[in-house]
Amino acid sequence: MTSSTARERIAIWSDFGGVLTPPVAETFAAFCAKTGLAPDPLRRAIAEVTASFGTEDMMLPLDTPLISEDEWLDLVRAALREQGVHTEVPSLAEAWFDGRKANAQWEKALRRYRDAGLFVGMLSNMPPAWEPHWRRMVVAEELFEEIVNSAQVGCRKPDPEIFELAAARAGIEPQRCVLVDDLPQNCAGARAAGWRAVQFRDAATATAEVDAEVRQLVGEGVAI
């Protein structure tokens, strides 16, 4: 089987944050260093704001979005003031993305999959304000055939709606879609939607696991 026909019926959907970027914990530490904010008060403030939306997922208010980044920052600053901490951080996105570099090894793997004829897409929960910042990190048109962004479609991982939408956009059956994501709950959501999933820990391990998933779908004798 040397043609790309079979391979075109397989979709590799990559998350962005924590997969094509450094781990979130690493970026959080860098954010604190840049802004001069101590990590513990900031975590408490974010947790308070997050809880006010009835969730433990700090990104949920931002990446559907329920509120704008500016509104979210106002709430976080107010929660910090209650702890006696005052900050003039004007933008989450600028400080969060400043100095971040794309994971070159995973980017190379995605290019290899696309060159081999597989469908490659990006499936991410991301606030609207982050759009220009992440696009500076990669050439999206060269990596992805389709981008499904929670802020643009009104649903988010791990909810089933976003997986249904992504599979429909790719024109590929759910059982032939593979999600690569750093969060276990998103991988679980993908599997519940009939997808395959690989939890991202590092690029080398993820590449080996994705290769194995693809071989299961197209046959052991197919080079990818």
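Excluded from the calculations below are hydrogen atoms, water molecules and symmetry mates; all remaining heavy atoms, backbone and side chain alike, are included. As the structure is a computational prediction, the values presented were derived from the model and not from experiment.
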Are side-chain heavy atoms of [X] and [Y] found at a separation under 4.5 Å?
| X | Y | value |
| --- | --- | --- |
| Leu37 | Val85 | yes |
| Trp195 | Arg176 | no |
| Ile162 | Leu123 | yes |
| Val120 | Ser14 | no |
| Ile12 | Phe144 | no |
| Gln83 | Asp40 | no |
| Phe28 | Arg43 | yes |
| Tyr113 | Asp211 | yes |

Pair Phe200 + Trp106: ring centers closer than 6.0 Å
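Ring centroids of Phe200 and Trp106 are less than 6.0 Å from each other.
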
Under 6.0 Å between ring centres, would you say that holds for Phe16 and Trp130?
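No: the rings miss the under 6.0 Å criterion.
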
Please confirm whether the backbone N or O of [Y] pairs with a side-chain atom of [X], one donor and one acceptor, at under 3.5 Å?
| X | Y | result |
| --- | --- | --- |
| Lys34 | Ala95 | yes |
| Thr205 | Arg201 | no |
| Thr207 | Ala109 | no |
| Asp63 | Pro65 | no |
| Ser52 | Val49 | yes |

Is a salt bridge present between Arg111 and Glu107, judged by a nitrogen-to-oxygen distance below 4.0 Å?
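Glu107 and Arg111: salt-bridged.
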
Positive for side-chain contact (heavy atoms from CB on, under 4.5 Å) with His133, one of Arg136, Arg135, Glu131, Met137:
Arg136

Closest approach of [X] to [Y] (non-hydrogen atoms, all atoms of both residues):
| X | Y | result |
| --- | --- | --- |
| Asp182 | Gly17 | OD1-O, 3.3 Å |
| Ala206 | Val180 | CB-CG1, 4.4 Å |
| Asp181 | Leu183 | OD1-N, 2.8 Å |
| Pro41 | Leu80 | O-CD2, 3.6 Å |
| Arg156 | Met59 | NH2-C, 3.8 Å |
| Glu145 | Leu118 | OE2-O, 3.4 Å |

For salt bridge (Lys or Arg N to Asp or Glu O under 4.0 Å), just list the numbers for Arg44 and Glu48, CA-CA rounded to whole Å, side-chain angles, deciding distance to a tenth of an Å, and then say yes or no.
CA-CA 6 Å; Arg44 287 194 294 268; Glu48 180 181 328; over 6 Å; no

Taking everything shown except [X] itself, do over 12 heavy atoms lie less than 6.0 Å from its [atom1]?
| X | atom1 | value |
| --- | --- | --- |
| Gln152 | CD | yes |
| Glu94 | CD | no |
| Lys108 | NZ | no |

How many angstroms lie between atom [atom1] of [X] and atom [atom2] of [Y], to the nearest 0.5 angstrom?
| X | Y | atom1 | atom2 | result |
| --- | --- | --- | --- | --- |
| Leu20 | Leu110 | CG | CG | 5.5 Å |
| Glu164 | Cys155 | CD | SG | 8.5 Å |
| Arg169 | Phe119 | CZ | CZ | 9.5 Å |
| Glu26 | Phe31 | CD | CZ | 15.5 Å |
| Asp70 | Asp74 | CG | CG | 7.0 Å |
| Ile10 | Ile172 | CD1 | CD1 | 8.0 Å |

With distance as the sole criterion, is a donor-acceptor pair present between the side chains of Gln216 and Arg196 under 3.5 Å?
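Result is yes, a qualifying pair exists.
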
Assess the side chains of Arg100 and Thr27: does a donor N or O sit below 3.5 Å from an acceptor N or O?
yes

Trace of the side-chain contact (heavy atoms from CB on, under 4.5 Å) decision for Leu75 with Ile67
CA-CA 11 Å; Leu75 293 174; Ile67 58 172; 4.1 Å; yes

Tell me whether Leu143 shares a hydrophobic cluster with Val139, the cluster being built from Ile, Leu, Val, Met, Phe, Trp, Tyr side chains joined at under 4.5 Å.
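No, Leu143 does not connect to Val139 through the hydrophobic network.
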
For Phe53 and Leu66, what are the C-alpha separation, side-chain angles and deciding distance, and is it a side-chain contact (heavy atoms from CB on, under 4.5 Å)?
CA-CA 9 Å; Phe53 287 89; Leu66 300 178; 4.0 Å; yes

Intermediate values then yes/no, side-chain contact (heavy atoms from CB on, under 4.5 Å), Asn149 and Asn125
CA-CA 6 Å; Asn149 184 332; Asn125 294 345; over 6 Å; no

Dump the intermediate steps for side-chain contact (heavy atoms from CB on, under 4.5 Å) on Glu69 and Ser91, then the final yes or no.
CA-CA 8 Å; Glu69 180 183 295; Ser91 167; 3.4 Å; yes

